[in-house]
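Shown next, in C-alpha cells, is the structure this report addresses.
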Amino acid sequence: MMKKIRQNTNGSSLIVVCLVLLSLFFLIALLAPWIAPYDPVKVDLLNKLADPSTQHWLGTDHLGRDNLSRLIYGARISLGFAVLIFLSALLIGVLVGCISGYAGGWLDTVLMRMCDGIMAFPNLILVLGIVGIFGPGLMQILLALMLVQWVYYARICRNMVISLKERSFIAAAKISGSSSWAIIRRHIIPNVQHPIVVIGTLEMGWAIMDISALSFLGLGIQPPNAEWGSMIHEGTAYIRSQPELMIYPGVLIMLVVILFNLLGEALSERYGVSKREL
Amino acid sequence: MIVYIAKRMIAIIPILFVATLVTFALVHISPVDPAEAYLTAAHIYPTPEVLEQKRKEFGLDRPLHVQYLDTLKRMVQLDFGTSYLTNKPVWDEVKSKLPATLELAVWSILFSALVSIPLGVASAVYRNSWIDWLSRGISYFGASIPQFWLGYLLIFFFSVKLDLLPVEGRGDWQNVILPTLTLSVVLIAVYTRMLRTSVLEQLQESYVEYAKARGLRERSITLKHVLKIAIAPLITGMGMSMGKLLTGTIIVEQVFSWPGFGRYFVEAIFNRDIPVIQCYIFFAACLFVICNLVVDLIQTAIDPRILVKGRSNP
C-alpha cells in the first residue's frame, strides 16, 4: 500500500501527506456550520472560562463561547482569505506579467520597476502603510495583501513570456493565426504553472501569517468574529489562568503554515523550480 | 570604487522621490479627509465651518502639485508636520522613540549572527548529521511560527511559569531578553538557512579541492577560505532582513509594551494620525534604500569581482 502511494507520487510521499492534511483543514473550514458543536459567537456568561468537559471539549473563553467551535470557524477566515488573496493576486499577476512581457519597451520597464519597488519593501510594512492610510478593516487588508502579492506572479509570467516570445513554436502559432490570448493560454500558462504553484503555496502560508498578525494588532477581523490571530489576542489576557486559550489557535496557525511551507518546498524540488528563479 | 559609490548614491534619489510621491498619492486617494481625521483625533466636533478652516490651514485647498512640492520640501528638512493627537512635531516624537527600537534591533542582529553563523557552517560541513537536522528544524520552526505568538509563549514560560523575567516595559537589562529572543528566532531561521546553502555551494568549488590537495587542514579551509566568500550572501540577507526586523519590531513592541517607533506607528494607525503614518512609511523607505546601499558596498569590499561584473546579483 505504502509502496504504491510512493510510486504514484514519484517518491514524494511528503507531498501527499501535506496535501491530505491541508485538505482536511479546508474541509473543516468548508463544513464549519455542520461540524461546529456550538454557535461561535454565542455568549454564555454563566459558563465562562470553563475547563474542557464533555459539553465543551476544549473549554470556553472569557465570554463563555465554545473554543472548539471558534477554532473551527477561525479556519474559515484564515484559509478562505488566503485562497481569495491567492486567486486575485494570481489573476492580476498573470495579466500584468503577460502584458509586460508581450508589449516590452517602456511599458515593460515601468511595470517591472513597480514590481521591484513593491518587492524591495517588506510585505507587512506596505500592508500596514495601506491599512494606516485607508483605515483598519478586513477589505483594506485583503486589498493590501493582494497588492503586495501579485508582483511575484507577474515577474515569473513576464520572464517566461520574454524567453518564449522568440521561440519558433510561438512564431509558428502566430503565423498560423493564433490570437495573442490563445498563445498565452496554450503556450505561456502551461509553462508557468509549476513555478506558480510553488509560489502560490508558499504565499498562502505567508498570507495566513500576515492576516493573523494584523488581526492580532487589532487591524483585521473585528470582534466578535472568530479568527485565530484575534483569538490569540483575546487569550493573552488570561495568560496566567487559562494559557490554553492562546495556545490552541497558535498551534493551528503554526501547523497550517508549516504544512504550506513543507508542501511548497517539496513541490519546488519535484518540479525543479529553484528558489533563485522566484 | 569612489565612482561606484557616487553612482549608487545618485541612484538613490529617484527611488526616494518615488517613495514620497507614493505616500502623497496614497494619502490623497484615501477616503479619509486629513482635516476630519485631525478633528476626530483632537476630539473636536467637525462642523462644516471648522472643517473648512482646518482644510485651509493644512493647505488642502491648493492645487495638488503645489501641495506635493510643499510636502516634499518639508520632508527633506525632516519636517513631517505635527501629530494630530499630541500636537507636537512628529519628528521630535520619533527621535525620542527611535533609540528603544534601535536597541532591540541591534541586540537581535548581534544575537542572531552569533547563533546562526556557527550553526549554519556546522550544518553545511556536517551535512545530514544531528546538528544539520537541528538547524533545519530551527529554520522551519522560525519561518512558520507567528512572531506575536512566540512572544506570548516566551512570556508564558519565562515570566508566568518560571517567574524569571519581567513581562513588559523597558529599562532593565532583563527587559531586553525576551523581545530580543522573539525577534531573533525569525532572523536565525533565515540566516542559518542562507549560510548553510552558500557554504554547501562553496564546498563544491575547485579551490577547496586545491586547498585540500595542498594539505591544508579542513577546519582552516572552512574557516579561512570558504566562510569568507560564503558570508557574502549572508550580508545581503542581513540587509534584506531589515524588513523582517522592522515588521518584527512593530509586533514585538506591541507584545512587550516596548515604547518604540513601531508601537507609536500602530497607535497612529488607530488614531488616523496621518503625519505619523507618512513619516513611518518614508522612514522605512529610507532605511531600505540605505541598507541596500551599505550591503552592496560591503559586498564589493569583500568580493571585488562585483565591480568588474557590474551590479551584484545575489
Side-chain angles (χ1 to χ4, degrees), chain A residues 113-114 116-136 140 202 205-206 208-219 228-229 231-233 235-236 239-241 243-244 246-247 249-262 265 275-276, chain B residues 14-15 18-19 22-23 26-32 37 140-141 143-153 155-157 159-161 167 197 240-248 250-251 254-255 262 265-266 268-270 272-274 276-278 280-281 284-285 287-289 292 313-314:
Chain A
R113 284 295 87 77
M114 215 161 91
D116 285 346
I118 294 178
M119 277 167 115
F121 250 90
N123 280 358
L124 204 55
I125 297 271
L126 265 185
V127 173
L128 279 174
I130 294 173
V131 173
I133 289 168
F134 286 85
Q140 285 87 325
L202 294 170
W206 298 337
I208 289 174
M209 289 255 262
D210 284 352
I211 294 173
S212 71
L214 288 163
S215 296
F216 160 73
L217 291 174
L219 298 170
W228 294 341
M231 283 174 74
I232 295 181
H233 184 58
T236 54
I239 194 168
R240 277 169 203 282
S241 55
E244 59 274 15
M246 57 151 258
I247 291 178
V251 170
L252 286 182
I253 297 175
M254 200 165 91
L255 199 63
V256 173
V257 175
I258 284 187
L259 284 175
F260 273 118
N261 282 348
L262 278 174
E265 295 234 327
K275 282 275 166 53
R276 300 235 163 132
Chain B
I15 302 176
V18 171
V22 170
T23 338
L26 278 177
V27 171
H28 279 267
I29 304 167
S30 158
V32 183
Y140 256 105
F141 177 73
S144 312
I145 192 167
Q147 221 166 11
F148 58 95
W149 190 54
L150 177 65
Y152 280 114
L153 281 187
I155 290 182
F156 176 64
F157 284 117
S159 311
V160 177
K161 282 273 150 188
V167 175
T197 322
M240 306 238 283
S241 68
M242 286 310 291
K244 281 211 164 59
L245 200 60
L246 210 60
T247 41
I250 293 181
I251 286 166
Q254 201 71 16
V255 172
F265 174 54
V266 175
I269 293 182
F270 280 116
R272 294 295 174 81
D273 204 341
I274 293 168
V276 180
I277 299 170
Q278 242 175 335
Y280 191 88
I281 300 175
L287 194 69
F288 279 102
V289 175
N292 273 331
N313 241 336

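Every chain is numbered from 1 and lettered A, B, ... according to where its sequence line falls, protein lines coming before strand lines.
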Is chain B contacted by the side chain of [X], its backbone, both, or neither, given a heavy-atom distance below 4.5 Å?
X: Ile232(A); answer: side chain
X: Leu262(A); answer: both
X: Val251(A); answer: both
X: Leu255(A); answer: neither

- [ ] Report the option among Phe156(B), Tyr140(B), Trp149(B), Phe270(B) that has the most heavy-atom pairs separated by less than 4.5 Å from atoms of chain A.
- [x] Trp149(B)

TODO: Name the option with the most non-hydrogen atom pairs under 4.5 Å to chain A; the candidates are Ile269(B), Val255(B), Val266(B).
DONE: Ile269(B)

Quick one: are [X] and [Y] in side-chain contact, heavy atoms under 4.5 Å?
X: Phe265(B); Y: Leu246(B); value: no
X: Leu128(A); Y: Leu217(A); value: yes
X: Trp228(A); Y: Val256(A); value: yes

TODO: Against chain A, label Ile277(B) side chain, backbone, both or neither, depending on which of its atoms sit under 4.5 Å from a heavy atom there.
DONE: side chain

Task: Segment of Leu150(B) engaging chain A (4.5 angstrom heavy-atom cut-off) - done: neither

- [ ] Find the distance between CH2 (Trp206(A)) and CD1 (Ile211(A)) and round it off to the nearest 0.5 Å.
- [x] 14.5 Å

Task: Between OG1 on residue Thr236(A) and CD1 on residue Ile155(B), distance to nearest 0.5 Å - done: 8.5 Å

Open item on the list: Check the orientation of Phe216(A) and Phe148(B). Use parallel for under 30°, tilted for 30 to 60°, and perpendicular for over 60°.
Closed with: parallel

